[in-house]
Novice: 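Structure in structure tokens, see below.
Read the numbers this way: they start at 1 and go in the same order the structure lists the ligands and their atoms.
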Amino acid sequence: MASNAASTLAAWTEAALTFFYPDVCQHCREARATREEGYVCKDCWRNVRFIVAPMCDRCGLPFEGEIGDVFDCANCQEMDLQFTRARSAVAAKAMVLEIIHRWKYQRALWFEPFLSGLLLREAVPALREKKWDLIVPVPLHPLKENEREFNQAEHLAIHLSRAANIPLNTRLVRRVSPTRTQTQLSRNERSANVKGAFAPGTNIEQCRGKRVILIDDVMTTGATTSACAKVLRAAGAADVCVWTVARGLLH
Ligand SMILES: [Zn+2]
Ligand SMILES: [Zn+2]
């Protein structure tokens, strides 16, 4: 639960800091970058694209054009999204995607402050506009969590929970099937792939009447977060919104 997850995170951070990382950008490995800069140098920081208006009000998909233009979001038309709204901090372009990949699959722990920093920078001020009751990370299947040794969404959720002062709850939803990665799938395939992937967790009744923020690292169509939101709404959550670090774009 919250305190458990927090102590796990503290252990991780401590483990990470017992190694010595030189002040070198861990992306280009050329320029200087300190721990405070997230080990990403000023030049590499220029690759970060924060998502700004205009965007789809529902799913947060950025679009080209003037504000005020009529915009039919192709993603929302095809997906039956179960959350009220989704927002992401940055576009999932090459550098950010590579950093997320290294963090998740190669235990590049030193990137965690950089990635959580992107999320916090955008999400914390936005979340202040309304009252939120709970922060819930999208769960990993236990097999995958054992393999990876951590749930990246849970780590992000812990950082956001602390910064925004909104309680964390990791026992509301369970992942009951180890779905294959969505990377190569179309919209329809993504929805089918995560159908039935989530089930109520041991504390599911705690979401009744609550306004919930669901957290993941990357959202593309919203299929995964939507499947997770469906479980929360079925259990009586008053509202479910989504925040992710990055937004992937289907081509
Ligand atoms: Zn660099
Ligand atoms: Zn949309």
Novice: Just to verify, what does Trp103 make a ring-ring contact (aromatic ring centres under 6.0 Å, His included) with, not counting sequence neighbours?
Specialist: Phe150

Novice: Charged N to carboxylate O under 4.0 angstrom, Lys42 versus Glu37?
Specialist: yes

Novice: In this structure, is the centre-to-centre distance between the rings of Trp45 and Phe114 below 6.0 Å?
Specialist: yes

Novice: Under 3.5 Å, is there a donor-acceptor pair linking the side chains of His101 and Gln106?
Specialist: no

Novice: Is there a path of hydrophobic side-chain contacts, each under 4.5 Å between heavy atoms of I, L, V, M, F, W or Y residues, that connects Ile100 with Leu119?
Specialist: yes

Novice: Among Val218, Ile51, Leu118, exactly one meets side chain to side chain contact (heavy atoms under 4.5 Å, CB included) together with Ser88. Which residue is that?
Specialist: Ile51

Novice: Kindly say whether Phe83 contributes a backbone atom to a donor-acceptor pair with the side chain of Arg58 at under 3.5 angstrom?
Specialist: yes

Novice: Sort by chain and number the protein N/O/S atoms that are closer than 2.8 Å to the Zn ion (ligand 2), and list them.
Specialist: Cys56 SG, Cys59 SG, Cys73 SG, Cys76 SG

Novice: Show me the donor-acceptor pairs within less than 3.5 Å that the side chains of residues 220-230 make with the rest of the protein, sequence neighbours left out.
Specialist:
unit_1	atom_1	unit_2	atom_2	d
Thr221	OG1	Ala223	N	3.1
Thr224	OG1	Gln182	NE2	3.3
Thr225	OG1	Gly222	O	3.2
Ser226	OG	Gln82	N	2.9

Novice: So, at under 2.8 Å, which protein N, O or S atoms would a careful student list around the Zn ion (ligand 1)?
Specialist: Cys25 SG, Cys28 SG, Cys41 SG, Cys44 SG

Novice: Say whether, by atom type as modelled, one donor and one acceptor occur between the side chain of Arg174 and the main chain of Pro200 under 3.5 angstrom.
Specialist: yes

